[in-house]
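Remarks on the structure that follows.
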Amino acid sequence: MQDTVQTSYTLIDGKKVAIDIKNEIAQKVAERKEAGKKVPHLAIILVGDDGASQTYVDNKVKACKSVGFHYTMMRFADTISEEKLLKHIDHVNNDDDVDGFIVQLPLPPHISVERVTEKIRSDKDVDGFTNHNFGSIISKKPLLMPATPFGVMELLRRYNIETEGKHAVVVGASRITGAPLSMMLTEIGHATVTICHKYTKDLATFTRAADILLVAVGKPGLITADMVKEGAVVIDIGTTRVEGPEYPKGWAIKGDVDFKAVAPKASYITPVPGGVGPMTIASLLFNTLRATELQNP
């Protein structure tokens, strides 16, 4: 009888970890209330009526309620001028009752994301997008960390995945995810980091060398089994809505990794959905609590 090699992997359950983090935050909020301290207050600015953005915002409001935060929703038509939006941001900056706020992306084409982001007061920037917070990643005292990369680092930490001295390959170099994640892996994780992007030639050469492969591109199925080293940790950060008649809802959320083919080769792997996604909102809540603690000890 022929022996068969059973390859087993650990599924990284972002939903479970996010629930754990929310419970920890809810406990701290309850303790703040008990001590007569300020309850965290998150403001959310939504411009236009993009369906995906509305869903994200609804989830953030639901999360605020679940941990006992106060929240304010500010909705504006997509015809609002950049100057008017910047004035509203100034108003929130100067509102002492608001501890943190986010401007939901994407914004209409006539509004500069850079101008809006840099208008946000850095100590209230719970998305961690401002230059001040972004740059603090490589300092001895990081401030409010970009939410998605921070969520990834927390998953690695809570699953006791060793990063020190490991070769981490980050595919995708965006300002929102890939770039800050590579910095965190270096500064906090003490990993040796390679960053790949759309100009990288022969991507598979790099991905096959990864002890930890982290992918944030937005191209469903980009990473195939032959691109992954046996026993690698695979973190799929990509989320793309793919439409087709084969899906019960007419669409499905797909990651950048061909999960079925890659999972048997991995030691740890995140699913999509249910992996990194829930961690982004958990990190946003964590940042809001931290902003409150810094402003109102």
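Any value given below was found using the heavy atoms of this structure, including those in side chains, with hydrogens, waters and symmetry copies removed.
Considering Thr117, Asn131, Asn133 as possible partners of Asp125, the one that fulfils the side-chain hydrogen bond (donor to acceptor under 3.5 Å, both in side chains) test is Asn133. Among Asp95, Asp99, Thr72, the one residue that satisfies the side-chain hydrogen bond (donor to acceptor under 3.5 Å, both in side chains) test with His41 is Thr72.
Look at Lys62 and Asp58 and you find no salt bridge, because none of the NZ, NE, NH1 or NH2 atoms lies under 4.0 Å from a carboxylate O. Asp13 and Lys15 are not joined by a salt bridge, as no carboxylate oxygen comes within less than 4.0 angstrom of a charged side-chain nitrogen. Looking at Lys28 and Glu31, no side-chain N of the basic residue comes within less than 4.0 Å of a carboxylate O on the acidic one, giving no salt bridge.
Judged by distance alone, with hydrogens and angles left aside, the side-chain atoms of Lys265 form a donor-acceptor pair with the main-chain N or O of Ala225 at under 3.5 Å. Judged by distance alone, the side chain of Thr55 and the main-chain N or O of Gly51 form a donor-acceptor pair under 3.5 Å. Glu187 contributes no side-chain N or O that, together with a main-chain N or O of Ile137, makes up a donor-acceptor pair within less than 3.5 Å. Within the 3.5 Å criterion, the main-chain N or O of Val39 finds no donor-acceptor partner in the side chain of His70. Remark: side-chain polar atoms of Asp256 are not paired, donor with acceptor, to backbone N or O of Asp236 under 3.5 angstrom. Of the possible donor and acceptor atoms, one in the side chain of Ser174 sits under 3.5 Å from a partner among the backbone N and O of Thr177. The main-chain N or O of Val92 is never found under 3.5 Å from a side-chain atom of Arg121 such that the two would form a donor-acceptor pair. Listed for the Lys38 side chain is a donor-acceptor partner under 3.5 Å among the backbone atoms of Asp97. A distance-only check finds no donor-acceptor pair linking the side chain of Arg115 to the backbone of Glu83 [under 3.5 Å].
Counting non-hydrogen atoms of other residues, nucleotides and ligands closer than 6.0 Å to NE2 of His91 gives a total of 12 or fewer. In this structure, Asp49 places its CG atom where only 12 or fewer heavy-atom neighbours from other residues, nucleotides or ligands lie under 6.0 Å away. Applying the 6.0 Å contact sphere to NZ of Lys219 captures no more than 12 heavy atoms from other residues, nucleotides or ligands. The neighbour count for His132 NE2, taken as heavy atoms of other residues, nucleotides or ligands under 6.0 Å away, does not exceed 12. Heavy atoms of other residues, nucleotides or ligands lying less than 6.0 angstrom from CG of Asn94 number more than 12. In the displayed structure, Glu34 atom CD is contacted under 6.0 Å by at most 12 heavy atoms of other residues, nucleotides or ligands. Applying the 6.0 Å contact sphere to CD1 of Ile138 captures no more than 12 heavy atoms from other residues, nucleotides or ligands.
One hydrophobic cluster, built from ILVMFWY side chains closer than 4.5 Å, cannot hold both Ile19 and Val61; they sit in different ones. Ile237 and Leu222 fall into different hydrophobic clusters, where Ile, Leu, Val, Met, Phe, Trp and Tyr residues are linked whenever their side-chain heavy atoms come under 4.5 Å apart, directly or through other members. Note on Val170: it does not cluster hydrophobically with Ile176, by side-chain heavy-atom contacts below 4.5 Å among ILVMFWY residues. Val215 and Leu181 are not part of a single hydrophobic cluster, where members link through side-chain heavy atoms under 4.5 Å apart. Note: the hydrophobic cluster containing Met184 does not contain Leu143 (ILVMFWY, side chain heavy atoms under 4.5 Å, direct or indirect links).
Looking at every heavy atom in both residues, Val242 comes nearest to Lys254 through CG2-CG, 3.6 Å. The minimum heavy-atom distance linking Ser122 with Thr130 is given by the pair CB-OG1, 3.7 Å. Pairing each heavy atom of Gly275 with each of Leu155, the nearest pair is O-CD1, 4.1 Å. The minimum heavy-atom distance linking Ala266 with Tyr9 is given by the pair O-CB, 3.2 Å. Closest approach of Lys119 and Ile89 over heavy atoms only: CG-CG2, 3.8 Å. Nearest heavy atom pair, residue Phe259 against residue Pro271, reads CE1-CA, 4.1 Å.
Taken to the nearest 0.5 Å, the CE atom of Met74 stands 8.5 Å off from the CZ atom of Phe101. In this structure, the separation between CG on Leu46 and CG on Leu107 is 9.5 Å, given to the nearest 0.5 Å. To the nearest 0.5 angstrom, Thr288 atom OG1 is 14.0 Å from Tyr71 atom OH. One finds the OG atom of Ser136 at 8.0 Å from the CE atom of Met183 (value rounded to the nearest 0.5 Å). Separating the NZ atom in Lys124 from the CG atom in Leu144 is a distance of 12.0 Å, to the nearest 0.5 Å. Note that the CD1 atom of Ile235 and the OG1 atom of Thr270 stand 5.0 Å from one another [nearest 0.5 Å].
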Report the C-alpha separation of Cys196 and Val169 in whole Å, then their side-chain angles, then the decisive distance to 0.1 Å, and conclude whether the side chain to side chain contact (heavy atoms under 4.5 Å, CB included) test is met. CA-CA 7 Å; Cys196 300; Val169 175; 4.0 Å; yes

Would Val234 and Ile223 satisfy side chain to side chain contact (heavy atoms under 4.5 Å, CB included), going step by step from the backbone distance to the final call? CA-CA 10 Å; Val234 181; Ile223 304 298; 5.7 Å; no

What do the steps show when you test Gln27 against Asn23 for side-chain hydrogen bond (donor to acceptor under 3.5 Å, both in side chains), and what is the final call? CA-CA 6 Å; Gln27 178 63 35; Asn23 288 339; over 6 Å; no

As a quick check of understanding, evaluate salt bridge (charged side-chain N to carboxylate O under 4.0 Å, His left out) for Arg290 and Glu293, giving each step before the final call. CA-CA 5 Å; Arg290 187 146 184 266; Glu293 290 171 342; 5.9 Å; no

Taking it one step at a time, do Ile25 and Phe69 satisfy side chain to side chain contact (heavy atoms under 4.5 Å, CB included)? CA-CA 10 Å; Ile25 291 170; Phe69 284 5; 3.8 Å; yes

Decide side chain to side chain contact (heavy atoms under 4.5 Å, CB included) for Phe129 and Val103; before the verdict, give the C-alpha distance in whole Å, the side-chain angles of both, and the deciding distance to 0.1 Å. CA-CA 10 Å; Phe129 287 166; Val103 179; over 6 Å; no

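Side-chain contact between Lys60 and Ile102: present, with at least one pair of heavy atoms (C-beta onward) separated by less than 4.5 Å. Within the 4.5 Å cutoff, the side chain of Met145 has no heavy atoms near those of the Ser283 side chain. At a threshold of 4.5 Å between non-hydrogen side-chain atoms, the residues Ile21 and Met279 count as touching. In this structure, the side chains of Ile80 and His88 come closer than 4.5 Å at one or more pairs of heavy atoms. Side-chain contact between Leu185 and Met153 is present, with heavy atoms from C-beta onward closer than 4.5 Å. With a 4.5 Å cut-off on side-chain heavy atoms, Asp123 and Gln295 count as touching. Looking at Ile45 and Leu85, their side chains come closer than 4.5 Å, going by heavy atoms from C-beta outward. A heavy-atom distance below 4.5 Å is not found between the side chains of Lys84 and Lys87.
Applying the salt bridge (Lys or Arg N to Asp or Glu O under 4.0 Å) rule to Lys229 yields the partners Asp211; only residues at least two apart in sequence or on another chain are considered. The salt bridge (Lys or Arg N to Asp or Glu O under 4.0 Å) check on Asp127 picks up nothing, with sequence neighbours excluded.
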